[in-house]
Protein chains: 2
Amino acid sequence: MPKVSAEHRAARREQIVDAMLRCVARDGFHKTTMAAVISESGLSAGAVYLYFRSKDELIRAIAELVVGEGLSVVTDSSADDVPPPHQVLAAALERVVALGEERGVDVHRVALQAWAEAARNPEIRAIYAREGERGRAVWATYAEQAIAAGHLPADASPVRVAHALIGLIPGFMVQRLVFEDLTPAGYVAGLAGLMGT
Amino acid sequence: MPKVSAEHRAARREQIVDAMLRCVARDGFHKTTMAAVISESGLSAGAVYLYFRSKDELIRAIAELVVGEGLSVVTDSSADDVPPPHQVLAAALERVVALGEERGVDVHRVALQAWAEAARNPEIRAIYAREGERGRAVWATYAEQAIAAGHLPADASPVRVAHALIGLIPGFMVQRLVFEDLTPAGYVAGLAGLMGT
DNA sequence: TTGTCAAGAACGGACGTTCGTTTTTGTTGT
DNA sequence: ACAACAAAAACGAACGTCCGTTCTTGACAA
């Protein structure tokens, strides 16, 4: 017999996840202490451990959240008509920036931490392998449509084009770290330049 | 008056750095313990601390090594004549792979850790800001030459093209984590497809 | 009361670093 | 050439701190 409503539980979880997101954006996964998450969330140690069994479980939650939002960025982009690749990429990058602003955290910093974690944690890497496969499929489908629409040469390989387009996304986020003046618009203009306008 | 030769000292430092590289590729910076570096290097704790004042100093050393090699990848690529962008990128990526094989570590994994560290450590980020500026200059210079050579449209912005090309490099490394079948050749074929062969 | 939630002090273990000691190496005096 | 010495290098056990987790206690709703 639950004392609190399911919504209350969900709100608490989100409260903790949000706190963790802020901490990770600032300090990375392994320099984030549970004490920091606890104080940032405004809860107590006991309460946090009531909703997440361990720090590792929290890390998993963040990693899944990031990959989930990262993919929604993609699926929304290749919806109705078939815009040229640089426009689709622009939409995806704008979405990333917007997601960060509405949550109040630098998503690209969290994403960087999540990729690094995927590199050393097989469990996280498995999540990314699964979702990465989905992402590749989505982008390859778009590439096929773009070829059919005449945006790309007929002999281009959809999967390979997909890899190149996908690659431009982390490429943007990594550079964003260092080149603060880099905007989605400027970046995709570079792609447009490569493609001959 | 030094008791051992300068070469001996350099060899010892490299011994420690190599051990740290292996540890970081496996565990990341903050899950790598000094005990692991110590045992992997075959030295003692005291000896390691004779060559590096702290773990942070070792992290700095790795970060600088990675960014240094990352940049040599670039500078060598845009040397004599002016090959098309996908060829230059291919050379850069092959170089990354080769560097990893000759050192016996997955450089792309270390690079991922280094970027994540740059995201949370201002000192490391400053290194990457400095070297990133150099990289941007090098690639922009190449882009100018590529425009002059007719590989790219005359109205393309060299700096923006540079950002897109640079971005493809981390994009490759991140995807390499998850798509093990991804090769430099296949990846740049995607770029070639985007550019219309 | 009874069962759930929250609080936060306390615990146990791990990790970075230090430091006293031993070993190696180069130098000096004969 | 050889031995004695000093200084640097290497060793590794010990220390103190920090951090993830647990557990006891109290509050509150049913």
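Every chain is numbered from 1, with letters handed out A, B, ... down the list of sequences.
- For the pair B/D106 (side chain) and B/H108 (backbone), a donor-acceptor distance under 3.5 Å is absent.
- Between the CG atom of A/L58 and the C1' atom of D/dT21 there is a distance of 13 Å, given to the nearest Å.
- Closest to the side chain of B/T33, out of C/dT17, D/dC11, C/dC15, is C/dC15.
- The NZ-P distance, from A/K55 to D/dG20, rounds to 4 Å in whole Å.
- For D/dA10, one of the phosphate oxygens OP1 or OP2 lies less than 4.0 angstrom from a side-chain nitrogen or oxygen of B/R12.
- Counting to the nearest Å, the P atom of D/dC19 and the CG atom of A/D56 are 16 Å from each other.
- One can place CG of A/L50 at 6 Å from C1' of C/dC5, the figure rounded to the nearest angstrom.
- Of the candidates B/I169, B/T183, B/L168, B/L93 forms a side chain to side chain contact (heavy atoms under 4.5 Å, CB included) with just one, namely B/I169.
- A/R13 has its CZ atom 14 Å from the P atom of C/dC5, to the nearest Å.
- No donor-acceptor pair under 3.5 Å is formed between the side chain of A/Q175 and the backbone N or O of A/L182.
- The listed nucleotides are D/dA10, C/dG16, D/dG12; the one nearest the side chain of B/A45 is D/dG12.
- Note on B/T32: only backbone sugar-phosphate atoms sit closer than 4.0 angstrom, heavy atoms only; bases stay farther off.
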Does the pair B/K55 and B/T33 meet the rule for a side-chain contact (heavy atoms from CB on, under 4.5 Å), with working shown?
CA-CA 9 Å; B/K55 186 183 179 181; B/T33 67; 6.0 Å; no
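- A/R9 has a side-chain polar atom (N or O) that falls below the 4.0 Å cut-off from OP1 or OP2 of C/dC5.
- Taking for each of A/G46 and A/K31 the nucleotide of DNA chain D with the nearest heavy atom, the 5'-most of the two is the partner of A/K31.
- Side chain of B/M34, nearest nucleotide from D/dA10, C/dA6, C/dT17: C/dT17.
- No contact: B/S39 has no heavy atom under 4.0 Å from any strand.
- Listed nucleotides: C/dT18, D/dA9, C/dG8. Nearest to the side chain of A/S44: C/dG8.
- Rounded to a whole Å, the CD1 atom of B/I38 is 14 Å from the C1' atom of C/dA14.
- Side-chain atoms of B/H30 and B/E117 form a donor-acceptor pair, as typed in the model, at a separation below 3.5 Å.
- Candidate nucleotides D/dC11, C/dC5, D/dT21 were compared by shortest atom distance to the side chain of B/L43, and D/dC11 ranks first.
- When the P atom of D/dA13 is taken as reference, atom OH of B/Y49 falls 16 Å away, rounded to whole Å.
- Distance B/F52 CZ to C/dT17 P: 13 Å, rounded to the nearest Å.
- Between D/dA10 and B/Y51, a contact under 4.0 Å exists linking OP1 or OP2 to a side-chain N or O.
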